[in-house]
Peer 1: 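Take a look at the following structure, please.
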Amino acid sequence: MKVLIVGSGGREHAIAWKVAKSEKVSKIYCAPGNAGIAGIAECVNIGAMEFEKLVAFAKEKEIDLTIIGMDDPLVGGVVDAFEAEGLRVFGPRKNAAILEGSKAFSKDLMKKYDIPTAAYENFDSPEAALEYLETSTYPIVLKADGLALGKGVLICNTKEEAKDGVKTLMLDKQFGNAGNTIVIEEFMTGREVSVLSFVDGNTIKIMTSAQDHKRAKDNDEGLNTGGMGTFSPSPFYTAEVDEFCKKYIYQKTVDAMKAEGREFKGIIFFGLMLTPNGPKVLEYNARFGDPETQVVLPRMKNDIVDVFEACIDGTLDQIELEFEDNAAVCVVLASDGYPEHYEKGFKITGFENFEGRDDYFVFHAGTKYDGDDIVTNGGRVLGVVAKGEDLKTARANAYEATKLVDFANKYMRNDIGKAIDEA
Ligand code: AMP
Ligand code: GLY
């Protein structure tokens with residue numbers, strides 16, 4: 001089989017690494033990819049939003065399966081563009097990717113189908129939003145409706161902050177049209193868990209749980225980022241939580257999408273908060289998480305191509321997902337200054353230390369070739385992952401592994417997986 005992967009981050013590197021393990025796969029292409037992905041796939045210089053070029057490339061190379069990693073092309077309808085040409089593609093169509101593409105849609109869906117989530121109201125006028133804030137309780141949460149690189153969520157401690165937030169999102173349009181509509185919702189407390197799942201329209205199969213660290217600095221200080229590290233499984237995702245979510249969240253979401261005429265095939269990523277009143281949905285994503293994927297896929301036993309195909313064919317009920325009885329931790333190595341100002345172009349050394357190992361991995365996020373050298377090319381540069389028999393061992397291994405690669409400006413959090421000690 002020939003496979004095309006669309007995307008360029010650590011998530012797509014982990015997907016490509018897992019796809020390469022399938023005996024069915026003879027060739028992998030990645031558009032646009034990065035320097036790490038280039039080690040296992042042929043990278044092609046087509047952007048993830050260039051649908052016509054992607055489709056033409058897939059036809060020309062007779063690609064058997066295309067996997068879309070990123071949210072923007074999914075929400076923009078890349079799957080519909082592939083299907084219109086009779087090409088096999090993994091991911092939700094545009095009318096289903098709205099589950100991630102519009103927070104107002106997803107909140108209304110949860111309300112209509114009685115899926116536990118924070119209380120909320122949607123607003124498309126700033127005046128109405130400001131008026132609502134007069135009688136609200138604080139803290140309160142403001143969310144841009146559309147995609148905003150994970151940055152469209154504002155936690156506001158006071159009325160003044162919230163009013164400023166409405167201005168930022170709706171009037172100054174910091175996130176463009178994503179802020180035409182906003183959701184204002186109840187502030188919840190509790191531990192967060194990321195649960196990824198495969199969905200074939202009817203059947204949903206849950207992968208092992210994970211936890212992300214979104215803030216830039218230790219102790220969850222600093223700005224929100226794309227994710228500074230992850231661990232899997234989450235010790236807080238107990239059998240009881242799993243049972244609750246299976247009963248009230250997962251299948252109900254899939255059934256709700258079908259009932260709305262928006263059959264969902266692909267990945268649903270449930271961002272959950274384990275509140276004192278039980279698990280609630282913080283958000284849905286319509287794709288693999290980054291950097292959750294980097295700790296989930298190395299623990300997955302199945303041939304992932306079989307699972308992708310079962311989702312497309314509607315035969316996921318015949319697949320049993322299996323995960324190793326161990327743990328994995330990912331520490332992101334970033335450029336100092338991320339997510340604000342940082343320099344790029346520094347040579348990275350030490351990749352040879354990871355060659356041939358199946359317990360340590362280095363997934364590339366922002367790297368590129370400069371002649372024969374691999375250099376830093378983004379805020380998040382690498383995701384160093386290690387497995388271990390349990391979470392504490394995996395964490396110790398991951399921090400050991402961070403010493404094996406080096407570049408100027410290397411920055412990481414030193415407390416990834418700290419919550420493990422509190423479990
Ligand atoms: P989201 O993009 O919706 O996952 O939001 C980003 C982050 O904001 C989440 O991971 C939470 O840490 C936080 N957050 C979002 N919604 C709420 C809420 N209703 N209450 C408390 N924190 C929230
Ligand atoms: N790690 C969070 C996300 O992928 O959105």
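We count ligands from 1, going down the list as the structure has it; atoms in each ligand are counted the same way. One-based numbering along the sequence shown. On a predicted model such as this, the values are computed, not experimentally measured, just so you know.
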Peer 1: I'd like to know if the side chain of Asn180 pairs up with that of Lys173 as donor and acceptor (distance under 3.5 Å, no hydrogens or angles considered).
Peer 2: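 Side-chain D/A pair, Asn180 to Lys173: present.
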Peer 1: Give a yes/no verdict on a cation-pi contact between Arg11 and Phe288, requiring under 6.0 Å between NZ or CZ and the six-membered ring centre and an angle within 45° of the axis.
Peer 2: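 Judged by the rule, Arg11 and Phe288 form no cation-pi pair.
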Peer 1: Among all the protein's non-hydrogen atoms, which is closest to atom 2 (O) of ligand 1, and how far away is it?
Peer 2: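 Going atom by atom, the protein heavy atom closest to atom 2 (O) of ligand 1 ends up being Glu283 OE1, 3.2 Å.
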Peer 1: What about His213 and Phe231, are their ring centers closer than 6.0 Å?
Peer 2: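 Centroid distance His213-Phe231: below 6.0 Å, so yes.
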Peer 1: What protein heavy atom sits nearest atom 19 (N) of ligand 1, and how far away is it?
Peer 2: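 Answer for atom 19 (N) of ligand 1: Glu185 OE2, 2.7 Å.
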Peer 1: By number and element, which atoms of ligand 2 are closer than 4.0 Å to a non-hydrogen atom of Gly289?
Peer 2: 4 (O)
Peer 1: Would you mind telling me if ligand 2 is within reach of the side chain of Asn285, the backbone, both or neither, using heavy atoms under 4.0 Å?
Peer 2: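 Side chain only.
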Peer 1: Is the shortest N/O to N/O distance between Arg11 and ligand 2 below 3.5 Å?
Peer 2: no
Peer 1: Looking only at the aromatic ring of each residue, does the gap between the centers of Phe361 and Phe354 stay below 6.0 angstrom?
Peer 2: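 No, the ring centres sit 6.0 Å or more apart.
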Peer 1: Output the list of atoms in ligand 1 that are nearer than 4.0 Å to some heavy atom of Lys214, sorted by atom number.
Peer 2: 4 (O), 10 (O)
Peer 1: Heavy-atom contacts under 4.0 Å between Glu292 and ligand 2: side chain, backbone, both, or neither?
Peer 2: side chain
Peer 1: State whether the side chain of Lys159 and the backbone N or O of Ser136 hold a donor-acceptor pair below 3.5 Å, judged by distance alone.
Peer 2: no
Peer 1: Less than 6.0 angstrom separating the ring centers of Phe346 and Phe407, yes or no?
Peer 2: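 Ring centres of Phe407 and Phe346 not closer than 6.0 Å.
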Peer 1: How far is atom 5 (O) of ligand 1 from the closest protein heavy atom, and which atom is that?
Peer 2: Val153 CG2, 3.4 Å
Peer 1: Return the closest protein heavy atom for atom 17 (C) of ligand 1 as residue, atom name and distance.
Peer 2: Leu282 CD2, 3.4 Å
Peer 1: Mind listing the closest non-hydrogen atom pair of Met412 and Val332 along with its distance?
Peer 2: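 The answer is CB-O, 3.5 Å.
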Peer 1: What is the closest protein heavy atom to atom 3 (O) of ligand 1, and at what distance does it sit?
Peer 2: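 For atom 3 (O) of ligand 1, the nearest protein heavy atom is Lys143 NZ, 3.1 Å.
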Peer 1: What's the shortest distance from atom 20 (N) of ligand 1 to any protein heavy atom, and which residue and atom give it?
Peer 2: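 Nearest neighbour among protein heavy atoms for atom 20 (N) of ligand 1, to 0.1 Å: Met188 N, 2.8 Å.
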Peer 1: Does ligand 1 have a heavy atom under 4.0 Å from the side chain of Lys103, from its backbone, from both, or from neither?
Peer 2: side chain
Peer 1: What is the closest protein heavy atom to atom 9 (C) of ligand 1, and at what distance does it sit?
Peer 2: Glu192 OE1, 3.6 Å
Peer 1: Nearest protein heavy atom to atom 13 (C) of ligand 1, by residue and atom, and its distance?
Peer 2: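 Of the protein heavy atoms, Ile155 CD1, 3.8 Å lies nearest.
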Peer 1: For the rings on Phe270 and Tyr284, is their centre-to-centre separation under 6.0 Å?
Peer 2: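 Judged by ring-centre distance (under 6.0 Å), Phe270 and Tyr284 do meet the cut-off.
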Peer 1: List every atom of ligand 2 that sits less than 4.0 Å from any heavy atom of Asp212, numbering the atoms from 1 in the order shown and giving each element.
Peer 2: 1 (N), 2 (C)
Peer 1: Using the benzene-type ring in the case of Trp, are the ring centres of Phe57 and Tyr29 under 6.0 Å apart?
Peer 2: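 Ring centres of Tyr29 and Phe57 closer than 6.0 Å.
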Peer 1: Give the contacting part of Asn224 toward ligand 1: side chain, backbone, both or neither, where contact means a heavy-atom distance below 4.0 Å.
Peer 2: neither
Peer 1: Indicate, as side chain, backbone, both or neither, the part of Arg287 found under 4.0 angstrom from ligand 2 when only non-hydrogen atoms are considered.
Peer 2: side chain
